[in-house]
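Hydrogens, waters and symmetry mates are skipped; everything else that's a heavy atom, side chains included, is used.
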Amino acid sequence: MAALDLTPRAPVPPFSYEDAVKKVRMAEDAWNTRDPAKVAQAYTPDTRWRNRSEFLNGRDEVEAFLTRKWAAETGYRLIKEIWAHSENRIAVRFCYEWHDETGQWFRAHGNENWEFSETGHMAVRHASINDVPIAETDRKFHWPQGVRPSDHPGLSELGL
C-alpha cells in the first residue's frame with residue numbers, strides 16, 4: 001500500500017515550457033527505476049488512470065498495476081518526450097522496449113495526457129499504447145537497466 005505523501009513535487013503548476021520538460025524527464029527517470037512504490041508517490045492519492053483498456057483509481061491500484069506490469073515486461077527501458085503543455089496539463093509521447101518470457105522484444109509506442117494538482121502530483125493520466133514486435137537487433141535502447149543516461153539520444157534523435 002502506497003503511503004500518503006502530499007509534499008509538493010516541484011515543479012508545480014502553472015508550468016513554463018522548461019518546467020514541463022523537467023516534469024517529463026522526472027517521470028521518465030522514475031518509471032525507469034521500475035520501483036512501483038516510488039513511482040506511485042508522484043500521483044495524487046485519488047489519481048484516475050486509463051492505461052490501454054484498464055481503468056485505475058488511487059495510488060494503491062497504480063502501485064499494484066505497476067508491480068504486475070514490470071513483472072511481465074522484462075528489460076524495460078523508456079524514453080518520454082514532451083508534445084505540448086498548458087498551465088496544469090502536459091501531453092507526452094513515449095516509446096519503451098521490453099521482452100516477454102519467451103525473449104520476444106517489443107517496442108511500445110504511446111501518448112499520454114497528464115493533469116496535475118496544485119501540489120504537482122499527477123491527478124489524471126490517460127495513456128494510449130501500441131506494442132510492435134521487434135527483433136532484438138532492432139532495439140535502440142541499450143543503456144544499462146535504470147535511468148537513461150543524459151547523453152543517450154531521445155525519441156526525435158532516434159527517429160521514433
Side-chain angles (χ1 to χ4, degrees), residues 2 5 9-11 15 17-44 47-56 59-85 89-116 120-160:
D5 179 5
R9 295 182 66 90
F15 297 127
Y17 177 77
E18 292 76 21
D19 290 341
V21 168
K22 182 176 181 180
K23 206 71 160 174
V24 171
R25 184 60 191 243
M26 290 169 63
E28 175 190 315
D29 289 350
W31 279 61
N32 275 323
T33 69
R34 298 181 314 135
D35 180 339
K38 177 182 177 180
V39 173
Q41 292 304 305
Y43 303 93
T44 60
T47 191
R48 294 183 339 264
W49 279 30
R50 182 188 54 76
N51 192 88
R52 301 178 192 244
S53 61
E54 279 191 71
F55 294 83
L56 309 173
R59 282 184 182 166
D60 292 340
E61 288 185 20
V62 167
E63 187 174 338
F65 166 81
L66 293 173
T67 300
R68 289 190 315 274
K69 172 186 179 60
W70 290 322
E73 294 179 353
T74 307
Y76 180 94
R77 288 169 180 82
L78 165 73
I79 299 177
K80 292 182 183 280
E81 185 174 279
I82 190 166
W83 188 254
H85 84 287
R89 292 180 174 173
I90 300 173
V92 299
R93 65 188 198 92
F94 63 88
C95 290
Y96 62 89
E97 293 179 347
W98 62 280
H99 67 84
D100 65 15
E101 69 281 351
T102 71
Q104 172 62 58
W105 281 92
F106 297 87
R107 184 173 301 122
H109 299 261
N111 299 292
E112 294 175 308
N113 296 314
W114 302 340
E115 183 175 274
F116 291 86
H121 293 84
M122 194 180 302
V124 179
R125 175 182 177 267
H126 298 283
S128 298
I129 308 166
N130 298 300
D131 294 313
V132 178
I134 60 171
E136 186 170 1
T137 55
D138 292 332
R139 292 182 52 223
K140 296 181 183 268
F141 304 172
H142 294 286
W143 66 88
Q145 193 78 59
V147 173
R148 175 172 57 108
S150 60
D151 63 346
H152 190 283
L155 295 179
S156 292
E157 293 84 5
L158 290 169
L160 294 173

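For the pair Y43 and H121, the minimum side-chain heavy-atom distance is 4.5 Å or more. Contact of the N32 side chain with the Y76 side chain is registered, since non-hydrogen atoms from C-beta on lie closer than 4.5 Å. Under the 4.5 Å side-chain criterion, counting only non-hydrogen atoms from C-beta, E73 is not in contact with R34. By the 4.5 Å heavy-atom criterion applied to side chains, I129 and F94 are counted as neighbours. Residues R48 and H126 have side chains not in contact (no heavy-atom distance under 4.5 Å, counting atoms from C-beta outward). W83 has its side chain out of reach of N111: every pair of non-hydrogen atoms, C-beta onward, lies at least 4.5 Å apart. A 4.5 Å side-chain heavy-atom check between I79 and L160 finds every atom pair outside the cut-off.
The residues R25 and D29 are annotated as salt-bridged, a charged nitrogen and a carboxylate oxygen being separated by less than 4.0 angstrom.
Legend: residues meeting side chain to side chain donor-acceptor pair (under 3.5 Å) with E81, ordered by chain and number and at least two apart, are R93, S156. Partners of W143 according to the ring pair (Phe, Tyr, Trp, His ring centres under 6.0 Å) rule, which considers only residues two or more places apart in sequence or in another chain, are F141, H152.
Annotation for A40 and E63: closest pair CB-CB, 4.1 Å, computed over non-hydrogen atoms. Residue P11 comes nearest to M26 through the heavy atom pair CD-SD, 3.8 Å, listed as atom of the first residue, atom of the second, then distance. For V92 against V24, the heavy-atom pair with the smallest separation is CG1-CG2, 3.4 Å. Nearest approach of L158 to K140, heavy atoms of both residues: O-NZ, 3.7 Å. Across all non-hydrogen atoms, the minimal contact from D131 to A108 is OD1-CB, 3.1 Å. Minimum heavy-atom separation, R77 to Q145: NH2-N, 3.4 Å.
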Verdict with reasoning, E54 to K69, per salt bridge (Lys or Arg N to Asp or Glu O under 4.0 Å)
CA-CA 12 Å; E54 279 191 71; K69 172 186 179 60; over 6 Å; no
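Taking the ring centroids of W31 and Y96, they lie at or beyond the 6.0 Å cut-off.
Judged by distance alone, with hydrogens and angles left aside, the side-chain atoms of R50 form a donor-acceptor pair with the main-chain N or O of R52 at under 3.5 Å. Looking only at distances, no side-chain donor or acceptor of T33 sits under 3.5 Å from a matching main-chain atom of V39.
For the atom pair CE of M122 and CZ of R9, the computed distance is 9.5 Å after rounding to the nearest 0.5 Å. For the atom pair OG1 (T47) and CG (D60), the distance works out to 12.0 Å, reported to the nearest 0.5 Å. Taken from CH2 in W98 to CH2 in W105, the straight-line distance is 10.0 Å, to the nearest 0.5 Å. Distance check: I82 CD1 to E18 CD gives 9.5 Å after rounding to the nearest 0.5 Å.
Within the structure, the salt bridge (charged side-chain N to carboxylate O under 4.0 Å, His left out) test picks out the following pairs touching residues 99-116 (sequence neighbours left out): K80-E112, R89-E115, E97-R107, E112-R125.
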